[in-house]
Amino acid sequence: MYYEIREMSSYTLQLNLEDGKFEKPKISEHSGKSFRVLKDGVWGYFVGDMGDKEGIERAKRQAIGKGDVKVDDRVFRGRFVFKPRMNLLDIDIEEKIGLIREIDKLMRRDGVVSRRITYIEAIRKVRIENSNGGEIYYEVPRCGIIMQAFAKGKTLQFYSERVAKVGGFEIAQKAIEKAEKTAETAVKLSNAKAPPSGEMNVVMNPSLTGVFIHEAFGHGVEGDHVLQNFTVLKGKIGEKVAHESVNVYDDPTIHEFGFFPFDDEGYRAERKAVIENGILKTFLNSRETAVKLDGNAGNARSDGLEIPLVRMSNTYLSSGEFSLEELLEIAKNGILLFGSRGGETNPATGQFHFNAQFGYIIERGEVKEMVRDVSLGGNTLEILKDIKIGKDVSFDPGFCGKAGQIVPVADGGPFALVKAFVGGA
Amino acid sequence: MKIDADHWEIYKERVRSRVVVVEDSKLKVLSEKIEQGEALRVIVDGRVAMVSGRRIDDNLVRQAINLAKVSQNELSEFPSPEKLDKVMIYDKRVEKLDADALKDVGESIAGVGSISSSQFSVEVIEREITNSEGVEYEERETSVSVFVEAVFKNGSAYEHHESRKFDFSPEEYAERALNLAKIDSRAEKIETKAYEVTLSPIAVDQLLSNALYPAFYFENIKRGRSMIGQLLGKDVFGELTITDDPLIHWGVNSCSFDDEGVRARKTTLVERGVVKAYISDLNHSPDVLTGNGFRENIASYPSTNPTNILLEHKEKGERSELYIHAFIGAHTSNFVSGEFSLKLMNASIDGKGIKGAMIYGNVYELLSKISHFAGKERQVGYTISPEVVIGDVVVKC
């Protein structure tokens with residue numbers, strides 16, 4: 001019988017400045033324990049305030065019936081404490097407030113009808129022990145700022161920017177560089193035109209490329225989706241699934257928002273080459289899916305004390321050879337899209353859909369007028385077959401939802417040219 | 001524990017839940033959770049702050065008071081006690097569903113075949129709120145829900161259902177999902193043009209929860225993030241009536257008080273097309289409280305949320321040929337402008353699956369074009385509605 005005990009404690013401080021006023025400040029300190037037992041191929045899971053022995057017994061009582069679950073029970077032992085440059089608990093709250101106020105000042109301008117700045121700091125401490133003698137402990141701080149500007153012109157629009165990474169207060173300080181641009185973009189957007197629609201050349205900015213790789217492709221390589229027959233990529237390891245210039249990696253060891261030293265099954269984190277030269281190399285795996293899919297575990301994450309699921313971390317499309325000017329020139333006519341307001345994908349069919357924050361019309365290789373409320377849809381594998389990739393990769397932080405669980409991630413990529421379906425009002 | 005604040009409020013929640021997870025038509029996990037949390041809000045000199053944890057202790061009380069000193073969030077006091085309307089939301093039979101009962105449900109869902117993943121959950125939730133104004137309310141509720149995702153060849157579909165009682169057959173939802181997946185596996189493109197379309201209750205809830213309901217939150221109106229404020233008293237939505245009603249017996253979001261101790265009550269938002277009112281939490285309240293302050297989780301501030309939104313229309317009729325089961329990307333809709341651009345999921349025309357289609361437009365305009373309602377009423381998420389038939393909707397393929 002295999003078992004795991006997971007003990008977690010978390011601390012979060014959130015400060016919100018809404019239209020110049022500090023609203024809804026909050027601190028939360030939570031802790032708890034979960035127990036997981038594998039018996040006769042079925043998991044029994046228990047969450048409750050109990051001693052280890054009793055908790056395991058309770059989880060065992062849930063593991064009834066028969067299933068075919070097996071695990072990679074490799075043992076890891078280790079301790080990792082992330083040391084930020086500016087420790088979150090050492091910085092006075094007045095300094096945090098001062099930074100937020102400064103950002104707010106930079107976001108005030110004609111046309112902006114409402115501003116919202118959210119500061120979040122969090123520290124997560126996790127201890128995992130398993131029946132084979134594995135024991136890991138880690139502490140990871142995260143910090144970030146979300147800026148939103150609402151502007152009224154011809155229409156009412158909003159634009160947001162996020163700066164968040166693993167680390168200390170030094171991360172939040174970087175948000176100041178993006179404050180003015182956030183407000184300026186919202187104002188421009190409120191006077192932008194409705195976009196054209198139909199299939200066309202689309203140049204995605206790095207942020208949107210990252211979301212595309214995460215949403216449209218990444219969910220399709222999650223091992224649980226493979227076992228659920230819920231991905232078009234099932235059975236395609238070793239096959240060409242994208243243009244030969246495509247290289248996609250998931251790397252929890254990069255110090256971006258999706259960083260972790262060990263996953264939530266106590267497995268050491270490692271970089272995975274998912275696609276190399278257009279060939280599908282591996283799926284992302286938990287201890288369970290790794291056995292069935294003959295891969296390496298290390299990608300199981302959970303929201304609080306929920307059951308760990310196969311999740312991405314920092315996922316990115318690696319750099320290619322084209323400059324932005326070259327991509328625009330090749331596109332000739334089409335649309336240049338920036339940022340994302342979130343998206344959704346159906347890994348079973350490869351269909352995806354998400355909204356960009358804004359865009360510009362491309363005419364004869366030149367960037368023309370701005371457009372608003374623009375969405376992007378298509379089929380992942382078709383798009384990856386014919387993609388032209390830009391040079392410089394950058395990451396954007398985000399929160400990824402799956403089966404009701406939210407985990408911090410980062411998505412990255414360079415500018416990229418694809419052919420996709422653009423919709424708009 | 002002494003709380004040295006002008007006013008205070010303690011909210012407690014205890015949740016006992018059981019879940020069975022099925023993956024690839026096989027039993028995978030059975031779980032039991034006993035979770036509890038407490039949240040404290042304090043008001044010091046008219047400013048509010050909040051802390052939360054598994055239990056509120058002296059350390060958290062101190063942190064709350066310090067945080068209130070830097071807060072600019074004005075709140076004069078917490079609600080005073082009122083006589084509550086009782087609503088039925090607790091079925092003791094749900095408490096008796098044990099691991100064996102869940103295993104049986106899991107196996108019956110798995111038995112349908114082609115089930116990619118499924119989750120069947122039962123929950124008993126106890127909420128308790130006390131405040132310095134004398135409020136002492138508690139309520140116990142039950143919830144039973146199923147989510148099923150089916151994959152057949154290259155087609156997929158999902159179904160879900162939630163109830164206060166175990167009064168439905170989970171495998172029936174599994175069968176529905178499988179049938180939709182089979183239709184999807186044979187989906188084809190259709191001609192781009194204007195159609196009369198029918199939105200299923202799932203599609204209605206997805207669209208309105210993202211593109212419309214937040215526009216009725218008084219906070220969004222006050223902050224210039226909604227058009228509803230300017231539309232008050234105006235005829236905008238044709239023959240549609242929209243009501244927020246937490247007092248419907250066995251409603252999925254029914255309650256007798258909200259998460260800040262405000263008495264639950266019915267609010268008519270739209271009456272036969274005319275915008276009548278909005279909803280709010282305590283903090284962003286206009287003169288009249290509506291009892292719509294709910295916490296996403298124990299660590300969240302109460303914020304405005306609908307309860308059960310009842311949609312009514314005087315015309316009843318048949319479904320149109322083009323039927324939309326669900327949308328992909330509904331959460332990307334823009335409630336500020338009302339604009340949406342959505343991919344159709346499991347749409348069909350005359351029973352044949354439609355591949356890769358989209359609709360886009362503005363929710364205000366779309367709802368004004370409702371021709372009638374069809375089929376049976378069902379609650380999905382916030383929305384209680386039958387199928388909604390809308391004329392002249394361009395479907396792009």
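Lettering of chains follows the sequences in order, A, B, ..., and the numbering in each one begins at 1.
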Compare every heavy atom of Y45(A) with every heavy atom of V29(B), then report the nearest pair and how far apart it is. CG1-CB, 4.2 Å
Among the listed options G67(A), S34(A), P25(A), the residue most often paired with chain B at heavy-atom distances under 4.5 Å: P25(A)
For F150(A), is it the side chain, the backbone, both, or neither that has a heavy atom closer than 4.5 Å to a heavy atom of chain B? side chain
Portion of E18(A) that has a non-hydrogen atom of chain B nearer than 4.5 angstrom: both
Looking at G53(B), S31(B), S52(B), which one has more heavy-atom pairs under 4.5 Å with chain A than the rest? S52(B)
Closest heavy-atom pair and its distance - L27(B), G65(A): CD2-CA, 4.3 Å
Between E32(B) and R61(A), is there a side-chain heavy-atom distance shorter than 4.5 Å? no
Partner set under salt bridge (Lys or Arg N to Asp or Glu O under 4.0 Å) for R6(A), not counting sequence neighbours: none
In Å, rounded to the nearest 0.5 Å, how long is the span from OG1 of T289(A) to CD of E23(B)? 8.5 Å
Based on non-hydrogen pairs under 4.5 Å, which of M227(B), E149(B), E35(B) is most in contact with chain A? E149(B)
Is Y360(B) close to S375(A) at the side-chain level, that is, under 4.5 Å between some pair of heavy atoms? no
Verify the neighbour count for atom NZ of K152(A): are there more than 12 heavy atoms of other residues, nucleotides or ligands below 6.0 Å? no
Might you confirm whether atom NZ of K355(B) has over 12 heavy atoms from other residues, nucleotides or ligands at distances under 6.0 Å? no
Less than 4.5 Å to any heavy atom of chain B: does that hold for the side chain of I93(A), its backbone, both, or neither? side chain
Please flag which part of V69(A) lies under 4.5 Å from any non-hydrogen atom of chain B: side chain, backbone, both or neither. side chain
Check each atom of K28(B) against the heavy atoms of chain A and say whether the ones under 4.5 Å are side chain, backbone, both or neither. both
Between N16(A), D68(A), L17(A), the one whose heavy-atom pairs under 4.5 Å with chain B are most numerous: D68(A)
When you measure from the side chain of H353(A) to the backbone of S341(B), do you find a donor-acceptor pair of N or O atoms at a distance under 3.5 Å? yes
Could you state the interatomic distance from NZ (K103(B)) to CD1 (I64(A)), rounded to the nearest 0.5 Å? 5.5 Å
Do any N or O atoms from the side chain of N229(A) and from the backbone of S116(B) form a donor-acceptor pair under 3.5 angstrom? no
State, with a plain yes or no, whether a side-chain heavy atom of N59(B) is found less than 4.5 Å away from one of E29(A). yes
Near E199(A) CD, under 6.0 Å, is it more than 12 heavy atoms from other residues, nucleotides or ligands? yes
Check whether N355(A) reaches the backbone of T332(B) with its side chain - one donor and one acceptor, N or O, closer than 3.5 Å. yes
Atom NZ of K60(A) with >12 non-hydrogen neighbours under 6.0 angstrom: no
Would K24(A) and S303(B) count as a side chain to side chain contact (heavy atoms under 4.5 Å, CB included) here? Give the steps. CA-CA 10 Å; K24(A) 298 185 174 179; S303(B) 64; 3.9 Å; yes
Is there a side-chain contact between Q157(A) and N334(B), using heavy atoms and a 4.5 Å cut-off? yes
Which atoms of I97(A) are under 4.5 Å from chain B, going by heavy atoms: the side chain, the backbone, both sets, or neither? side chain
Find the one option among E288(A), R36(A), K66(A) whose heavy-atom pairs under 4.5 Å with chain B are most numerous. E288(A)
Looking only at V394(B), L30(B), L60(B), most heavy-atom pairs under 4.5 Å shared with chain A are made by L30(B)
Please classify the contact between L38(A) and chain B as side chain, backbone, both or neither, with a heavy-atom cut-off of under 4.5 Å. neither
Nearest-0.5 Å distance, CG of residue D184(B) to CG of residue N346(A): 7.5 Å
Applying a strict 4.5 Å limit to non-hydrogen atoms, the region of N283(B) in contact with chain A is side chain
Quick one: are F421(A) and K343(B) in side-chain contact, heavy atoms under 4.5 Å? no
Answer yes if the side chains of S114(A) and R223(B) hold a donor-acceptor pair under 3.5 Å, and no otherwise. no
Taking the side chain as everything from C-beta on, heavy atoms only, tell me whether H30(A) gets closer than 4.5 Å to I298(B). yes
Which bit of E365(B) is near chain A, if near means a heavy-atom gap under 4.5 Å: side chain, backbone, both or neither? neither
Would you compute the distance between atom OG of S337(B) and atom NZ of K154(A) and round it to the nearest 0.5 angstrom? 15.0 Å
Using a 4.5 Å cut-off on heavy atoms from C-beta on, say whether the side chain of Q228(A) contacts that of V151(B). no
Winner by heavy-atom pair count (cut-off under 4.5 Å) against chain B, out of R116(A), E215(A), R341(A): R116(A)
For N154(B), is it the side chain, the backbone, both, or neither that has a heavy atom closer than 4.5 Å to a heavy atom of chain A? backbone
When rounded to the nearest 0.5 Å, the distance separating CG of N220(B) from CG of L156(A) is 10.0 Å
Taking the side chain as every heavy atom from C-beta outward, state whether Q351(A) and M345(B) have any atom pair closer than 4.5 Å. no
Go through F354(A), F352(A), F46(A), F158(A) and name the one with the most non-hydrogen pairs under 4.5 angstrom from chain B. F46(A)
Picking from T345(A), T155(A), L227(A), which has the most non-hydrogen pairs under 4.5 angstrom with chain B? L227(A)
Portion of A68(B) that has a non-hydrogen atom of chain A nearer than 4.5 angstrom: neither
Can you tell which of L342(B), I328(B), V21(B) has the highest number of heavy-atom pairs within less than 4.5 Å of chain A? I328(B)
Please flag which part of R18(B) lies under 4.5 Å from any non-hydrogen atom of chain A: side chain, backbone, both or neither. side chain
For atom CG of D45(B), decide whether the heavy atoms of other residues, nucleotides or ligands shown that lie under 6.0 angstrom number more than 12. no
